[in-house]
Colleague: 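One structure follows; several queries about it will come next.
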Amino acid sequence: MAIKAEPGGRGNFRNHTKNQAEEDAFDYVKFRNIPKPTGVIGSIAHMVKGALGGGILGGHVAYMKAGVAIAAPFNILFGIYMGYCLYILVMSAQKLYRRTRVPSMSYPDVGEAAMACFPNPKVARFSRFFRYSIDAIICIDLFGACACYQIIIAKSLKQLVENTQRTSIEGINEGYPSLRVYLACMIVPVILICLITHLKWLAPFSIGANLVVLFIIFVAIYYAFVYNPSFEGLVPITILYQYFEFVGMQVFSMSCAGVVIPIENNMENPKKYPLVLVIGMFLIICCTFNVSFFGYSAFLENCESPITVNFPMTLGPKILKFLIVVMIYITHALNFWPPFNLCFYYLKQRHPEDQLLKWELIYRACFVMLIGVIAVCFPNINALMGFLGTFCLSNMAFIWPNMIYLLTNWERPGLGKYNWRLWKCIVLIGIGCFFLVCGSVVNINELMSVFR
């Protein structure tokens, strides 16, 4: 019999199978109750959709930071590195479904289950702490992405209102306020859309937002051939400091770490997930490469985030800039939904059940206001994307998948000949930690530069 996780996905993971035969005997797919399971094509579409958010609109700036000779190959290498780490994450999750007899889990569930099932009780007792760490980083990442979305909206509005090609944080055009004023004025409208408690009212707009992003990729390619058909002026390599800015922005633009497990949970045939991951990451790499390389080729040292700010101030591009404002405004509310629900799971336990709706609306307003204050204080979108990429996604996409893989395979099937699984994970975790520490320091320094 399958064990159902508690509300919020928290189950008793310590009651796990004791041998491989028991583990193999459990078919977790049979115990999943999925009204409308997705096939391979639908799962690939969800994966690409989960990665192509507002972050891809800054990819051209990331290429400018590192130089095209460094950025282009590392764009591909990061995609392969991330794809492999997410592959072992999902494979570990599928082992844990059988081991714990819980047919589906979230990312935090998988982390908690991996540590709870570890044979050493001194390690297993930290399983709940590991879960809370994953919860916290997911919230920081998604709430931080909301702050990025607010800056994208504000910069686009500022450009349209002032009818100028160049924008800045300060109000360089006489009679117009700084970017921070636009951000402050947006807090109330953003609160209003985030008070919507039924996701189904907003979900259809997500498809429109992704179509606009895909259209922007083609527009970036078009301007590259219009402005710079010979692809001259591309800087091949810059300095190491800017490379760490590039790492964060590039990882932020292509990460789908938060959606891989939910997509697997909803697949009709989860065994085909490796195919989904390979095709999905290939498409994500192609999209990020095209918008980044051609965007940088078109605008060179004048690159700004979002890429639509670089488009000329003629009628067609102005309409596209306005569409980005509308779509990102709606996407903000969709992006706000998962981390808020995660936080509200803990907060609602402090309030009577008959007052939960009132408190949910209050907390929603407070969270959006806090995100707005962060955006006002740190309106440097490049540094904010870079920090989220290096601090949050280095953990979610690189470090934790390898930790979970080690914890899951430590006893069954073991570490392999010469402990090759252990050494492989140490190398991959070490690379992730290097990006985490160096990238976070560099991008925090850039965030603080707005006060200098």
Colleague: Could you tell me which non-hydrogen atom of A147 sits nearest to which non-hydrogen atom of A375, and how far apart they are?
Modeller: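 Smallest interatomic distance, heavy atoms only, reads O-CB, 4.1 Å.
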
Colleague: Side chain of K321, backbone of S156: donor and acceptor closer than 3.5 Å?
Modeller: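 A pair under 3.5 Å: no.
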
Colleague: Evaluate the side-chain proximity of I34 to N265: yes if any heavy-atom separation is below 4.5 Å, no if none is.
Modeller: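 A side-chain contact under 4.5 Å is absent here.
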
Colleague: Checking side-chain hydrogen bond (donor to acceptor under 3.5 Å, both in side chains) for the pair Y241/E446: CA distance, chi angles, key distance, verdict?
Modeller: CA-CA 11 Å; Y241 182 91; E446 287 300 302; 2.7 Å; yes

Colleague: Looking at L422, is its backbone amide N or carbonyl O close enough to the side chain of N419 to form a donor-acceptor pair, meaning the two atoms are under 3.5 Å apart?
Modeller: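 No, the answer is negative, given that no donor and acceptor are paired below the 3.5 Å cut-off.
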
Colleague: Using a strict cut-off of less than 4.0 Å between a Lys/Arg side-chain nitrogen and an Asp/Glu carboxylate oxygen, indicate whether R128 and E112 qualify as a salt bridge.
Modeller: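 Here R128 pairs with E112 in a salt bridge, since their nearest N and O are under 4.0 Å apart.
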
Colleague: Determine the interplanar angle of the F311 and F299 rings, folded into 0 to 90°, and report it as parallel if under 30°, tilted if 30 to 60°, perpendicular if over 60°.
Modeller: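 Rings of F311 and F299: tilted, 30 to 60°.
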
Colleague: Say you draw a straight line from CE of M403 to CG of N395; how long is it, rounded to the nearest 0.5 Å?
Modeller: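 M403 CE to N395 CG: 9.0 Å, rounded to 0.5 Å.
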
Colleague: Quick one: does F322's side chain get under 4.5 Å of L157's, heavy atoms only?
Modeller: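 The answer is no, as the side chains (C-beta and beyond) never meet within the 4.5 Å cut-off.
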
Colleague: Determine, using ring centers only, whether F225 and F231 are less than 6.0 Å apart.
Modeller: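 So the answer is yes for these two rings.
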
Colleague: Strictly distance-based, threshold 3.5 Å: is any side-chain N or O of Q159 a donor or acceptor partner for the main-chain N or O of V309?
Modeller: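 Confirmed, Q159 side chain pairs with V309 backbone.
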
Colleague: Would you say the side chains of N402 and K424 form a donor-acceptor pair under 3.5 Å?
Modeller: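 Result is no, nothing qualifies.
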
Colleague: Hey, is K272 close enough to E264 for a salt bridge, meaning N to O under 4.0 Å?
Modeller: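 No, K272 and E264 are not salt-bridged.
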
Colleague: If only side-chain N and O atoms count, and only distance matters, is there a donor-acceptor pair under 3.5 Å linking T288 with S253?
Modeller: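 S253 vs T288: no donor-acceptor pair found between side chains.
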
Colleague: Please report the interatomic distance SG(C148) to CD1(I371), rounded to the nearest 0.5 Å.
Modeller: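 It is 11.0 Å, given to the nearest 0.5 Å.
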
Colleague: If you compare all heavy atoms of M249 against all heavy atoms of A62, which two are closest, and at what distance to 0.1 Å?
Modeller: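 So the minimum-distance heavy-atom pair works out to CB-CB, 3.8 Å.
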
Colleague: I want to know whether Y97 and Y28 have ring centres closer than 6.0 Å.
Modeller: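 When the ring centroids of Y97 and Y28 are compared, they turn out to be within the sub-6.0 Å range.
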
Colleague: How long is the gap from CD1 on I193 to CD1 on I196, to the nearest 0.5 Å?
Modeller: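 These two atoms lie 5.0 Å from each other.
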
Colleague: Please determine, by modelled atom types, if S297 and N228 share a side-chain donor-acceptor pair under 3.5 angstrom.
Modeller: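 There is no such pair (donor and acceptor under 3.5 Å, judged by atom type) between the side chains of S297 and N228.
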
Colleague: How close do C139 and P339 get, heavy atom to heavy atom, and via which atoms?
Modeller: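 Heavy-atom minimum between the residues: SG-O, 3.8 Å.
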
Colleague: Is R364 close enough and on-axis enough to W337, meaning under 6.0 Å and within 45°, for cation-pi?
Modeller: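 Verdict for W337: a cation-pi partner in R364.
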
Colleague: Are F126 and F130, when compared by the centres of their aromatic rings, separated by less than 6.0 Å?
Modeller: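 Here the rings of F130 and F126 have centres that are no less than 6.0 Å from each other.
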
Colleague: Check whether any side-chain N or O of S440 sits under 3.5 Å from a backbone N or O of L436 as a donor-acceptor pair, and report yes or no.
Modeller: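 Yes.
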
Colleague: Examine distances only and state if a side-chain atom of N75 and a backbone atom of A71 form a donor-acceptor pair shorter than 3.5 Å.
Modeller: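 No: the side chain of N75 does not pair with the backbone of A71.
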
Colleague: Side-chain contact test, heavy atoms from C-beta onward, threshold under 4.5 Å: evaluate it for L277 versus V90 and give yes or no.
Modeller: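 L277 vs V90: side chains apart.
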
Colleague: Of all residues at least two apart in sequence or in a different chain, which pass the ring pair (Phe, Tyr, Trp, His ring centres under 6.0 Å) check with Y405?
Modeller: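 If we apply the ring pair (Phe, Tyr, Trp, His ring centres under 6.0 Å) test to Y405, skipping adjacent residues, there are no hits.
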
Colleague: Are there over 12 heavy-atom neighbours, none belonging to Y87, within less than 6.0 Å of that residue's OH?
Modeller: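 No, not enclosed.
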
Colleague: With side-chain contact (heavy atoms from CB on, under 4.5 Å) as the test, pick out the partner of C425 among I404, L406, I399.
Modeller: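 For C425, the side-chain contact (heavy atoms from CB on, under 4.5 Å) check succeeds only for L406.
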
Colleague: Please report whether the ring centroid of F340 lies less than 6.0 Å from that of F143.
Modeller: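 No; F340 has its ring centre 6.0 Å or more from that of F143.
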
Colleague: Are any non-hydrogen side-chain atoms of S305 and L57 less than 4.5 angstrom apart?
Modeller: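 They are not in side-chain contact.
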
Colleague: Are the side chains of Y107 and I134 in touch, meaning some heavy atoms are under 4.5 Å apart?
Modeller: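 Sidechains of I134 and Y107: in contact.
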
Colleague: Are Q250 and S292 packed together at the side-chain level, in the sense that at least one heavy-atom pair is separated by less than 4.5 angstrom?
Modeller: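 Sidechains of S292 and Q250: in contact.
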
Colleague: Hey, are the side chains of I362 and C366 touching, using non-hydrogen atoms and a 4.5 Å cut-off?
Modeller: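 Side-chain contact under 4.5 Å: yes.
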
Colleague: If only side-chain N and O atoms count, and only distance matters, is there a donor-acceptor pair under 3.5 Å linking N310 with Y223?
Modeller: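 Their side chains do not contain a donor-acceptor pair, so the 3.5 Å distance test is not met.
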
Colleague: Report yes or no: do K95 and N409 form a side-chain donor-acceptor pair below 3.5 Å?
Modeller: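 The criterion, which ignores hydrogens and geometry beyond distance, is satisfied for N409 and K95.
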
Colleague: Show me the pairs that pass ring-ring contact (aromatic ring centres under 6.0 Å, His included) and involve residues 249-284, at least two apart or across chains.
Modeller: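 Sorted result for residues 249-284: empty, none.
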
Colleague: Measuring from atom CG of N335 to atom CG of D141, what distance do you get when rounded to the nearest 0.5 angstrom?
Modeller: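 One gets 8.0 Å once the value is rounded to the nearest 0.5 Å.
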
Colleague: Would a distance-only check, ignoring hydrogens and angles, find a side-chain to backbone donor-acceptor pair under 3.5 Å from T38 to N266?
Modeller: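 Present.
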
Colleague: In Å, rounded to the nearest 0.5 Å, how long is the span from CD1 of I137 to OG of S394?
Modeller: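 Atom-to-atom, I137:CD1 and S394:OG are 10.0 Å apart.
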
Colleague: Name all residues meeting the salt bridge (charged side-chain N to carboxylate O under 4.0 Å, His left out) criterion together with E304; count only those two or more places apart in sequence or in a different chain, and write none if there are none.
Modeller: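 Residues passing salt bridge (charged side-chain N to carboxylate O under 4.0 Å, His left out) with E304: K155, R166.
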
Colleague: Could you tell me how the ring of Y81 sits relative to the ring of F435: parallel (under 30°), tilted (30 to 60°) or perpendicular (over 60°)?
Modeller: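 Rings of Y81 and F435: tilted, as their planes differ by 30° to 60°.
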
Colleague: Less than 4.5 Å apart, any side-chain heavy atom of F367 and any of L347?
Modeller: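 A side-chain contact under 4.5 Å exists here.
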
Colleague: Would you give the length of the straight line joining atom CZ of F336 to atom OG1 of T331, rounded to the nearest 0.5 angstrom?
Modeller: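 Separation between the atoms: 15.0 Å.
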
Colleague: Over 60° means perpendicular and under 30° means parallel, so tell me whether F246 and Y63 are parallel, tilted or perpendicular.
Modeller: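 Taking Y63 first and then F246, their aromatic rings stand perpendicular (interplane angle over 60°).
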
